[in-house]
S.K.: 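One structure follows; several queries about it will come next.
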Amino acid sequence: MKYVDVLIDIADSRADHIYTYSVPPPVPEKELTGRRVLVEWGKKKREGYIIRERDFIEQDITHVKPVIKILDREPVFDSKMLELAAWIAQTYLCSLVQALRLIVPRAITGKKDKVVLPNVKEEEMLSSPASFLVNKYLPFFEELWQREEISLKEARKKLGKEVLELLAREGLILVAGVYAGYKPLPGGYVYRLAGFEVKELSALRKKAPRQAEVLALLMEKGEIAAEQLEKTFARSTIEALLNKGYIKKVKKDKKIFSAPFVLTEEQERAVEMIVSRLEEGYREFLLYGVTGSGKSEIYLRAAQACIEKGKKVMVLVPEIALTRHLVEMFALRIPGIAVMHSGMTRAERYEEWKRIKNGEASLVLGTRSAVFAPLSDLGLIIVDEEQETSYKQEETPRYHAVEVARRRAQMEDALLLLGSATPSLETFHRAMEGKSELIKLSRRIGNAVMPVIYIEDMRLNLKRGPKHNLFLSDFLYNKIEDNLKRGKQCILFLNRRGYAWLTVCTECGNIVLCPHCSVGMTYHQDIKRNLCHYCNFTAPVPSLCTRCGSRYLQQIGFGTQRLEEELKRLFPGARIKRLDIDISRKREEPRNILQAMQRGEIDILIGTQMIAKGFNFPSVSLVGIVDADGMLNLPDFRAGERAFQLIVQAAGRAGRGEIPGEVVIQTYQPDNLVINLAAKQDYMSFYLEEIRLRKILNYPPFTNILRLVVSDEEEKLCQAVINELADYIGEITDAKEERIEILGPAPCPIKRLRDRFRYQLMVKCENIMLLRSIGRFIIDNKERFPSKTRIEIDINPLMTM
DNA sequence: AGCACGCCGACT
DNA sequence: GTCGGCGTGCTC
Ligand SMILES: [Zn+2]
Ligand SMILES: [Zn+2]
């Protein structure tokens, strides 16, 4: 008898459930491990993952149930990916199921050969809460119990779609099917354009529209798999084109188009350093290069070299908006790239996943979750803008894609290439310690030169009495005016969306708060309402103060909307546009704005940090950072690092083309070290200063942090639970020799969020294993606390609001 | 995570 | 004497 260990697919954060089932004959010949199955678990039928095959069962097992149905024709994960899942579960304190769900796409659709199974036993039908339904359709159920399964088609004929859906919803029946597989394209032949002139196309459109269609398609895609083309077009159409010599059928070759760009000496050296280490086992590189130094071209060359050696490449980017730029660049020179990001529909992701699994993609490009792409034979993993916080998932499993990428590279003997203009302290520290090789690009490519950067003391602006308004210094005003006169473009950054900052009563100082969160509400001009930036609750601006009844409420501070309004008043002739999250929610608008910007149809672009990243506007010659202080005053030990990165990134938007750039940083603390180092673009000094502080204050990378957040609608309950957790951890601290530091318990910086109070506890300890075991213990003992009280556990958190 | 079993209070 | 609260233990 054949047996399998099945991991039951239920989201139990406390523990995994693995049980042995028998595989009734006929046992499939191919591998079972990694396939999904349907099993009866307890009273219910559930899906599970086969994680082991065996020919015997442990002696203490009395009953073994059979596998009801094997749901996959081939495995959806291999032993390496299972190992990776186990590592995720252990490292980030989640269950194996939660980790596997990252790796195996949830394909609700795409099941074939669907059948209906009974999900209630005959002898139990009377005790079922919906037994009247069983009685109502008794003949159907009797047949179902007897035959065990009925094809969905037949069942639909008997009862109709609606009734079946009802029965399924009530848990009386189960619709199961085999996950649709993916047909590989055999032979590996493709069609390409041959001797064909574009000008012939219009003539052909009239005479032979189908042929023209094929040609247009080939012009767009470059090449099309033979199977696919032959399936969609008639044989005669294709043959006619072949006979005319317009197209050719060729074996899909691995030849890479030669790169048209000439590398600088620095780039050449960087590429050589990486490429020479391909196939030499795991190794990590940090490509540290200023904005505009041509990192993307190095990624591309390294990727090409890797693919030439027959290995696959993974490229991670921080956000969807940045995928487009790299996709365009890579797709031009590397055939068969796959794209995966969270903006795609589930079906699109699944299709792409199957292509990758099938070995049809030589390069996968995507955001955070693409780190789990089912690539085998990985030779190189590239992480662009490695310092970006979006690589960390802010819900369980709270993994960090850079760490996962490192782990995969180690498992696959591949190279890890991290790129950044402002590396995270952790990453740069690794390079300083010799854990990775530092590759430095210090010059911008082409004729672009580093911008000139000015720090403007806003205290003077305040003292003099602002000529224009509070948030625009004379200096920046004049620079903008000059810039407009010269017909150049300008970008203004303000990292605060909305119109103002807060609504305040001028008589008693009361601030209008969100009724669901402990944060002030922000007025938004477009909707003419106050908005909570944390829970998106909106409310009309109150006409009277809720505390003292005063009519004098004021909108204080300024956001991008107010900045836009004021600039339009100050520079009435200028073409001014704004781009922030609120704008980007409108469908076409962001793209239109970016394109208009590229074409020089916008004079002043106002935006939040989203325009600081990635976009390359060659004719921007002035960048204004309106409020550099706003970024510095966050309650997080990484605030300085974030501010430095953001200022440098923003400054990097200036002077990317031929035009030399200027940057104006407005601040009330012109002597602040972070601002001054950012102004000098002096990463090295910033690093040395910041790492010194981290060492003194005992923060990462010199220690690890376990963060516990307890949340509940009742504050008392929160406090009780967090105190109990603190007591428990205190006991461990006393018992251990190691240096363990406990910060808190204390309310989170945002004390209430979506009607839940939040309290946190930070445990600092160099020994990460100890932190994990503390976290694991808390998970194992969760039932000791009220179940409605949420306990979240994060190892090395990035956000601590 | 579900679900059944089982032991105590309140209510027909 | 019965209905129902949720603590405890089990799921191959
Ligand atoms: Zn008031
Ligand atoms: Zn809110």
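Reminder, nothing fancy here: chain letters follow the sequence lines and each chain counts from 1. Every value quoted in this text rests on a predicted model; they were computed, and no experiment measured them.
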S.K.: Can you tell which of C:dC12, B:dC3, C:dT11 lies closest to the side chain of A:K44?
M.R.: B:dC3
S.K.: How close or far is atom P of B:dA1 from atom CZ of A:R14, stated in whole angstroms?
M.R.: 5 Å
S.K.: Select one nucleotide: of B:dA4, B:dA1, C:dC12, the one nearest the side-chain heavy atoms of A:K43.
M.R.: B:dA4
S.K.: Once the angle between the rings of A:Y19 and A:H17 is folded into 0 to 90°, is it parallel (under 30°), tilted (30 to 60°) or perpendicular (over 60°)?
M.R.: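 Judged by the thresholds at 30° and 60°, the geometry between A:Y19 and A:H17 is parallel.
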S.K.: Quick one: A:K45 NZ to B:dG2 P, roughly how many Å, whole number?
M.R.: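 From A:K45 NZ to B:dG2 P: 17 Å.
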S.K.: What is the separation between atom CG on A:D16 and atom P on C:dT11, rounded to the nearest whole Å?
M.R.: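 Going from CG in A:D16 over to P in C:dT11 covers 17 Å.
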S.K.: Answer with base, sugar-phosphate or nothing: what part of the nucleic acid does A:R46 contact at a heavy-atom distance below 4.0 Å?
M.R.: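 It contacts sugar-phosphate atoms only.
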S.K.: Rounded to whole angstroms, how far apart are CG on A:L7 and P on C:dT11?
M.R.: 17 Å
S.K.: In whole Å, what is the span from the CD1 atom of A:I8 to the C1' atom of C:dC10?
M.R.: 13 Å
S.K.: So A:Y92 and A:W87, would you call those rings parallel, tilted or perpendicular, with 30° and 60° as cut-offs?
M.R.: perpendicular
S.K.: Please report the distance, rounded to the nearest Å, between CD1 in A:I10 and P in B:dA1.
M.R.: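 Rounded to the whole Å, the gap is 8 Å.
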S.K.: Identify whether any heavy atom of A:E58 sits under 4.0 Å from a base atom; if not, whether one sits that close to sugar-phosphate; answer base, sugar-phosphate or nothing.
M.R.: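 If one applies the 4.0 Å heavy-atom cut-off, A:E58 turns out to touch nothing in the nucleic acid.
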S.K.: Could you tell me the separation between the CD1 atom of A:I18 and the C1' atom of C:dC10, rounded to a whole number of Å?
M.R.: 16 Å
S.K.: According to a cutoff of under 5.5 Å between the ring centres and under 30° between the ring planes, does A:W41 stack with the base of C:dT11?
M.R.: yes
S.K.: Counting side-chain heavy atoms from C-beta on, which of C:dC12, B:dG2, C:dT11 comes nearest to A:H17?
M.R.: C:dT11
S.K.: For C:dT11, take OP1 and OP2 only and decide whether either is under 4.0 Å from a side-chain N or O of A:Y19.
M.R.: no
S.K.: Between A:W353, A:F77, A:Y399, which is the residue that forms a ring pair (Phe, Tyr, Trp, His ring centres under 6.0 Å) with A:F372?
M.R.: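 Checked A:W353, A:F77, A:Y399 against A:F372; only one passes ring pair (Phe, Tyr, Trp, His ring centres under 6.0 Å): A:Y399.
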S.K.: If you measure from the Lys or Arg side-chain nitrogens to the Asp or Glu carboxylate oxygens, is any gap between A:D9 and A:R36 under 4.0 Å?
M.R.: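 Not counted as a salt bridge, because no side-chain N and carboxylate O are separated by less than 4.0 Å.
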S.K.: Between A:S13 and B:dA1, is there a side-chain N or O to OP1/OP2 distance below 4.0 Å?
M.R.: yes
S.K.: Quickly work out the A:E40 CD to B:dG2 C1' distance and round it to whole Å.
M.R.: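 For the pair A:E40 CD and B:dG2 C1', the rounded distance is 14 Å.
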S.K.: Counting heavy atoms not belonging to A:Y728, are there more than 12 under 6.0 Å from its OH?
M.R.: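 Yes, enclosed.
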